Each structure stands twice: as structure tokens, then as C-alpha cells.
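Before any comments, here is the structure.
Naming convention: chains lettered A, B, ... in sequence-line order (proteins, then strands); numbering from 1 in each chain. Note that these values count all heavy atoms, side chains included, but never hydrogens, waters or copies made by symmetry. Predicted model, so just to flag it, every value in this text is computed and none were measured.
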Amino acid sequence: MCEPEEVPQQVWSTWILEAIRKIRSQKQRPSVERICHAIRQHHNYHEDVVAEHLETAVKEGAVLKVFNKGQSSYKDPGGLQSRTLRIQKGVDLTKVVTKAVRELGERDGSSLKSIEKYIRQSHTVEESAENDLKGALRMAVKRAVTRNFVIQDGKNFKYNYNQQAPGIKKKEAPKRQSGNSDDLNAQSKVRTFYLKKYFT
DNA sequence: CAATGCGCACCCG
DNA sequence: CGGGTGCGCATTG
């Protein structure tokens, strides 16, 4: 238990990243609560103070906030930044944009600006003057809207949870036939449930 | 009780 | 397939 003293944000980031690593090693979700808890085991700060610094770390890009399975998780961007995103002539970033919007999980939708920021934080972007990320994103977001992956709301874009959700195979053919059939759908029902629960 | 460990289902590329 | 994630429950301190 240590000082109630002023500590530079950078140190906070270190503590937070440490906490995240620890929690992940326990195969648990690095939520705000767990991060606060982990840090408070070593430092005497109120949860609100920790949470506040966590937010700052996110804004600074030292920590990535990702909305997943109905709740926010926090990650160390370090691990992911090995992912390279090459912006070349005809790249299609529709999927990337859609995923970003979903993972940002902002209730009022995400602006192009924050989408760009998020992508830069989670990838090493390789671009050029003619083919830059911003440009590619403008195209991509347009396509994502057309394809109904996201929904435009003013300047913001929201993930469309009603879309043919990825991963959920929905044979539209209402094939009865074999007795117990709804087992396949049980899982997707659960998923849809909590996605809606937190999103709506 | 808190902290840790982990099997396993699920997702995504 | 391979690799990440995290729930739910078990085990340990």
C-alpha cells in the first residue's frame, strides 16, 4: 500500500498495463472493476481515481478500450500493433470499419475521426500520399452503410446488430424434419440476447 | 472471503 | 486449422 501522492500518468499506464496482463493471465475479462481491484492491491487509491486514470490512458492511446460481448474490455495495444494494415489502391476496409465501430461500442455511434484513431491504435498503418487511411475510410464507411453493416446517424456510425451477424449461420430455409432442431440456434439466441441487452 | 487457476465454447482470420 | 477471448466454476491462500 503506497502513497496518496501525485504520480505521472505514464506510471499509471504502466500499472494499468500490468494489471491487464495479470488479469488476462487469469483468463478473465480486464474490466474497469477488475483493473481497479488489481491496482488497489498495491496502491491506496480510490477506485474512482483509478478509473479516471484508466480513461486518460485510453485517451492517450496507452490502453485500448474494446467493446466486446456486451461489455468493455481493456487491452494492451502493444500486442496488437504487430498487425499491419496496408493501404493500397483498391483495398476494401469495409470489414475493418465495421469491426471498429462495433468494438468502439459508442452508444451514439462513432465518428470517422474516432474510427481512424481506433484503427491507428490497433494496427500499424502503412499508407502513402495517394492512398491514405482517411481516404480509404471514407470509401469504406460509405460501403458499410450501403451494405447495411453500419447505420449512419448524422456524422456518426453505429453498428447494425440486426445485420446477418457474423459467425451466426442462419439457414433461412425453415427446415424442420429432424426432431430437436433448435439446438443450433440456442447459442445465437444467447448472443443476440446480450448484444441487444447492452446495446439497445 | 479474495485471489488464482483453468476447461471449454466461441469467434475470427 | 491456429490463436485470442472470457464465462463459469473449481481450487488455493
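For A:N68, no side-chain nitrogen or oxygen approaches OP1 or OP2 of C:dT5 to under 4.0 Å. Side-chain nitrogen and oxygen atoms of A:R102 include at least one within less than 4.0 Å of the OP1 or OP2 phosphate oxygen of B:dC12.
As a whole-Å value, the separation of A:K22 NZ from B:dG5 C1' is 13 Å. Counting to the nearest Å, the P atom of B:dC10 and the NZ atom of A:K27 are 16 Å from each other. The distance from atom CG of A:L64 to atom P of C:dT5 is 11 Å, rounded to the nearest whole Å. The interatomic distance linking A:R29 (CZ) with B:dA3 (C1') rounds to 19 Å, in whole Å. Atom NE2 in A:H37 sits roughly 7 Å away from atom P in B:dA2 (whole-Å rounding). In this structure, CZ of A:R24 is placed 10 Å from P of C:dC7, rounded to the nearest angstrom. Across the protein-nucleic acid pair, A:I23 atom CD1 and C:dG4 atom C1' stand 17 Å apart, rounded to whole Å. Rounded to whole angstrom, the span from the CZ atom of A:R21 across to the P atom of B:dT4 amounts to 13 Å.
Using a 4.5 Å heavy-atom cutoff, the side chains of A:Y161 and A:I151 are not in contact.
For A:G109 against A:K158, the heavy-atom pair with the smallest separation is CA-CG, 3.7 Å.
Between the side chain of A:S72 and the main chain of A:N68, no donor-acceptor pair closer than 3.5 Å is present.
Summarising the local packing, CD of A:Q10 is surrounded by 12 or fewer heavy atoms from other residues, nucleotides or ligands at distances under 6.0 Å.
Residue A:K69 places no side-chain atom within donor-acceptor reach of the base of C:dG6, judged by atom type and a 3.5 Å distance cut-off alone. A donor-acceptor contact under 3.5 Å links the side chain of A:Q28 to the base of B:dG5.
Across all strands shown, A:S25 has no heavy atoms under 4.0 Å from either base or sugar-phosphate atoms. Among the heavy atoms of the strands, none lies under 4.0 Å from A:K95.
Listed candidates were B:dA3, C:dC7, C:dG6. Nearest to the side chain of A:P30 is C:dG6. Among the nucleotides C:dT5, B:dG13, B:dG5, the one closest to any side-chain atom of A:Q26 is B:dG5.
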Salt bridge (charged side-chain N to carboxylate O under 4.0 Å, His left out) between A:D92 and A:K142, worked out: CA-CA 11 Å; A:D92 183 11; A:K142 210 168 288 183; over 6 Å; no
